[in-house]
J.: 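Below is a structure I'd like to ask you about.
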Amino acid sequence: MRVCFRSSVQPGLIDEYRRRHAAVWPEMLRALKDAGWHNYSLFLGADGLLVGYVECDDFDAVRARMALTEVNARWQAEMATLFDNPDNPDRAPDEGFQVLEEVFNLDDQLAAAESTAS
């Protein structure tokens, strides 16, 4: 499955967010891969809008697998102060992701069009 999500970084802390993601801990990278996160990317706007994309078997399952790791707990604690989360400042950043509905995928529609044309 493909998942896109959004969150927001505090605008005054964008440079720090970029710095931390330029050198993610190797054990965090391995944990993500081992938990089933594939083709994972983050995109950051100048206003702090953060958009993530990941391919996985099941988003809830890969998040649950990450929640079981010690390195994820440390990473979430390190990152928490950078996020704009006024409604729930104690919530870990990865718990505040707003999943976006996929409404178009080129490859899926091409495949459907090709199967219909056959």
J.: What I'd like to find out is whether the side chain of L106 reaches to under 4.5 Å of the side chain of Q109, using heavy atoms alone.
T.: no

J.: Should L49 and S8 count as side-chain neighbours, where that means a heavy-atom distance under 4.5 Å?
T.: no

J.: Anything under 3.5 Å between a donor and an acceptor, one on a side chain of residues 32-39, the other on a protein residue two or more places apart or in another chain? List them.
T.:
residue, atom, partner, partner atom, Å
W37, NE1, V62, O, 3.4
H38, NE2, G36, O, 3.4
N39, ND2, E55, OE2, 3.1

J.: Would R2 and D108 count as a salt bridge (charged side-chain N to carboxylate O under 4.0 Å, His left out) here? Give the steps.
T.: CA-CA 12 Å; R2 294 177 296 265; D108 288 351; 2.4 Å; yes

J.: So F5 and Q98, do their side chains get closer than 4.5 Å, heavy atoms only?
T.: no

J.: Hey, can you pull the donor-acceptor pairs under 3.5 Å for the side chains in residues 18-26, sequence neighbours left out?
T.:
residue, atom, partner, partner atom, Å
R19, NE, E16, OE1, 3.0
R19, NE, E16, OE2, 3.4
R19, NH2, E16, OE2, 2.5
R20, NE, E16, OE2, 2.7
R20, NH1, E78, O, 2.3
R20, NH2, E16, OE2, 3.4
H21, ND1, Y17, O, 3.2
H21, NE2, Y17, OH, 3.4

J.: Would you indicate whether the side-chain heavy atoms of V3 and C56 approach each other to under 4.5 Å?
T.: yes

J.: According to a hydrophobic-cluster definition based on side-chain heavy atoms being under 4.5 Å apart (Ile, Leu, Val, Met, Phe, Trp, Tyr only), do M79 and M28 belong together?
T.: yes

J.: Is there a path of hydrophobic side-chain contacts, each under 4.5 Å between heavy atoms, that joins M66 and M1?
T.: yes

J.: Using a strict threshold of under 4.0 Å (side-chain N to carboxylate O), is an ion pair present between D58 and R65?
T.: no

J.: Do the side chains of Y53 and L100 join up, straight or via other hydrophobic residues, at under 4.5 Å, putting them in one cluster?
T.: no

J.: So how far is it from E95 CD to F83 CZ, rounded to the nearest 0.5 Å?
T.: 12.0 Å

J.: CZ of F43 to SG of C4: how many Å apart, nearest 0.5 Å?
T.: 8.5 Å

J.: For the residue pair Y40 and L42, what are the closest heavy atoms and their distance?
T.: OH-CD2, 3.6 Å

J.: What are the two closest heavy atoms between A46 and I14, and how far apart are they?
T.: O-CD1, 3.2 Å

J.: With distance as the sole criterion, is a donor-acceptor pair present between the side chains of N72 and Q76 under 3.5 Å?
T.: yes

